[in-house]
Amino acid sequence: MVPAMRKAIYRADDDEARALFARAPVVHIATTRDDGTPMLKTVHAVLDEGGLAFHGAPAGEKTEALGRPAVASAAETIASIPSTFLDPERACPATTYYLGAQAHGILAEVTCPARKARVLRAIMTKYQPEGGYVPIDAEHPLYRKAVRGILVAELRIERIDGKAKLGQNRAPGERVRVLEQLWKRGAAGDVAAAALIVARFPDLPRPGFLASPTGARLVCHLTAAELDEAAALLGGEAWVAGVDPGDLREAIAASSARVGARDASGRLVAFARAVSDGRTAWIYDVVVRADARSRGLGRAVMGLLLDHPDVRRCRHVRLTTRDAEPFYARLGFGRLSERPRHPWTSVEMIASR
Ligand SMILES: CC(C)(COP(=O)(O)OP(=O)(O)OC[C@H]1O[C@@H](n2cnc3c(N)ncnc32)[C@H](O)[C@@H]1OP(=O)(O)O)[C@@H](O)C(=O)NCCC(=O)NCCS
C-alpha cells in the first residue's frame, strides 16, 4: 500500500484532480523499465472510462511499461508568492501557489478498436478543438489501419491525490495580506489567482479592494466559466442589440479586466470590463441588473475596475456613454470634447492621471 502523502489542509477532491488532468496541456507519467531503471514520459492525455488514456508509437518505449505500476502528474501554477509579501526580511515565506494532481495505477494497453478511436477522438477534441478533419472512427477507410496500428494505453487509476496549495497554512490575516499584495502587484495571472482564492475560501475575510455595498460580493476576475452569465446580463442592453452572443462572449474573454458583483444568492448582478494597452484603458459594457440598481453597485464595480492593475496603471481611461454621463462624472470622468451633441449620439469621456 502506497502511503497517501497529502497534508489534509491542502487536499483537493478527486473531481478537481480529474479536471486538472483533463485540461492539462501535458501529463508526465513515471514508471520503470524491465531492468528497474526509471522512465519518465510526457504524454497528451485524456480521461476515458475513469482512466488516463494516451497514445504512442506501437514499437516505442511506452510498450515496455505496459502492465507496470505508474504515477501520473499534472500541475498548474497559480501565483508566485515572494517572501516580501509577508516578511520584510526573512526568505522563509517565499512559495508558489499551485494546483496539482497525481494518479497512481497500472499501465494497460487499450486494444478494442472502437475504444481506441474514442480516445483518439477525445485527444483531437482537446488539442484541435477547432475541428477541420473527418472525425476518427475505427471503421472509416481514412482511419481503419491507423487506429489498429497506433498504441493507445491508459493508466488505470487506483488512487488519485489532488493538491491545492493556496496559503492554507497561513493565518487568515496573512492570507488576506497575500490577496492585497497580489492585487497590488498585478502581474499576469495575479488578479485571477486572487479571485480563485476568494472563491475557494468564502469564509476568509474580504480584502479591502473587494469592499462592497451590503448584500453583494465583488468579483475581481470572471473566469471562463462565468462568461456566459456576463453575456446574459448584458443581453438586454441597447448597445449589444444584434451582437451575436458568441461574439460578445469572446470580446469579454479577450478583455484585460472583467469584474462584477454577485448578490447574496450568488447571482451575477453587475459587470464591467476594460481593454488596456498599459497606457490607455477603454471601458465597455458597464451594467447593473435592473432590479439591483441605485444601491451603489454600479459605483462599486466601476471603483473595482478603475483600481484593477491593468486599468490603474494607465495614464488615460476612456469610455463612451449615451445616458450615464452624470454617473461617470461622479467617478472623475469628463467630456473629451465640449462640442454640442445630439441627444441620440454617445459622448466620449476620459479620466486622466
Ligand atoms: C448606469 C448604471 C451602471 C449605474 O449603476 P447603479 O448601481 O444604478 O449606480 P449606483 O447606485 O452605484 O449610483 C452611483 C451614483 O450615480 C448616479 N447614477 C446612476 N445611474 C445614473 C444615470 N444613468 N444617470 C445619472 N446618474 C446616475 C446615482 O444616482 C448615484 O449618485 P449618488 O452618488 O449621488 O448617490 C446602471 O444604472 C445601469 O446598468 N444602467 C443601464 C446600463 C447603462 O446605461 N450602462 C452604462 C453604459 S455607458
Side-chain angles (χ1 to χ4, degrees), residues 195 206-222 226-245 247-277 280-308 310-312 314 316-353:
R206 308 284 289 178
F209 64 90
L210 291 180
S212 57
T214 18
R217 292 196 143 208
L218 291 183
V219 181
C220 61
H221 172 80
L222 268 73
E226 296 171 293
L227 298 183
D228 285 336
E229 248 182 305
L233 183 59
L234 277 165
E237 296 305 331
W239 67 89
V240 294
V243 178
D244 175 77
D247 291 348
L248 183 57
R249 195 183 181 286
E250 272 183 39
I252 298 171
S255 307
S256 321
R258 40 185 206 251
V259 304
R262 293 189 176 281
D263 67 8
S265 69
R267 210 172 45 148
L268 189 74
V269 288
F271 174 74
R273 68 184 182 96
V275 175
S276 161
D277 63 6
T280 302
W282 280 91
I283 289 183
Y284 298 99
D285 295 339
V286 180
V287 69
V288 174
R289 237 184 112 101
D291 59 5
R293 287 180 194 161
S294 305
R295 286 185 224 154
L297 273 177
R299 187 209 304 271
V301 162
M302 273 300 295
L304 183 65
L305 188 62
L306 293 172
D307 190 35
H308 187 289
D310 288 344
V311 180
R312 184 208 303 153
C314 288
H316 308 288
V317 184
R318 297 181 58 170
L319 57 86
T320 60
T321 181
R322 212 158 55 180
D323 312 317
E325 191 180 342
F327 169 70
Y328 294 113
R330 282 178 172 84
L331 292 162
F333 286 82
R335 271 195 195 191
L336 194 58
S337 150
E338 283 309 321
R339 266 178 312 165
R341 66 187 267 265
H342 296 293
W344 60 86
T345 56
S346 297
V347 57
E348 280 192 86
M349 299 188 82
I350 188 164
S352 302
R353 10 197 132 195

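Keep in mind that this is a model prediction, so the values were computed, not measured. When a ligand or atom number is given, it counts from 1 through the structure's own listing order.
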4.0 Å heavy-atom contact, Val301 with ligand 1: no

Check whether any protein heavy atom sits under 4.0 Å from [atom].
atom: atom 35 (O) of ligand 1; value: yes
atom: atom 2 (C) of ligand 1; value: no
atom: atom 46 (C) of ligand 1; value: yes

Does any N or O in the side chain of [X] come within less than 3.5 Å of the main-chain N or O of [Y], such that one atom is a donor and the other an acceptor?
X: Arg273; Y: Arg258; value: no
X: Ser255; Y: Ala251; value: yes
X: Arg293; Y: Gly298; value: no
X: Ser276; Y: Asp310; value: yes

Specify the protein heavy atom at minimum distance from [atom]: its residue, its atom name, and the distance to 0.1 Å.
atom: atom 21 (C) of ligand 1; value: Phe327 CB, 3.8 Å
atom: atom 8 (O) of ligand 1; value: Ser294 N, 2.8 Å
atom: atom 7 (O) of ligand 1; value: Gly298 N, 2.7 Å
atom: atom 42 (C) of ligand 1; value: Glu237 OE1, 3.6 Å
atom: atom 17 (C) of ligand 1; value: Arg330 NH1, 3.9 Å
atom: atom 37 (O) of ligand 1; value: Arg293 CD, 3.3 Å
atom: atom 39 (O) of ligand 1; value: Val288 N, 2.8 Å
atom: atom 12 (O) of ligand 1; value: Arg299 N, 2.8 Å

Where do [X] and [Y] come nearest, in terms of heavy atoms and distance?
X: Arg262; Y: Leu268; result: NH1-N, 3.4 Å
X: Arg289; Y: Leu233; result: CG-CD1, 3.4 Å
X: Leu210; Y: Cys220; result: CD2-CB, 4.0 Å
X: Phe271; Y: Val259; result: CD1-O, 3.2 Å
X: Leu306; Y: Leu331; result: CD1-O, 4.4 Å

Output the list of atoms in ligand 1 that are nearer than 4.0 Å to some heavy atom of [X], sorted by atom number.
X: Trp239; value: 42 (C), 43 (C), 45 (N), 47 (C)
X: Asp323; value: 23 (N), 24 (N)
X: Thr320; value: 48 (S)

Check ion pair Arg318-Glu348 (N to O, under 4.0 angstrom): yes

Short N-O contact, Arg249 and Glu229, less than 4.0 angstrom: no

Candidate pair Ser352 and His316, rule side chain to side chain donor-acceptor pair (under 3.5 Å), full reasoning: CA-CA 4 Å; Ser352 302; His316 308 288; 2.8 Å; yes

Sub-4.5 Å side-chain heavy-atom contact between Asp285 and Val240: yes

Short N/O distance, under 3.5 Å, between [X] and ligand 1?
X: Arg295; answer: yes
X: Val287; answer: no
X: Gly296; answer: yes
X: Val286; answer: yes

Within reach of ligand 1, part of Leu319 (heavy-atom separation under 4.0 Å): neither

Part of Glu325 with heavy atoms under 4.0 Å of ligand 1, whether side chain, backbone, both or neither: neither

Residue selection (non-hydrogen contact nearest atom 48 (S) of ligand 1) among Val269, Thr321, Leu233, Asp285: Thr321

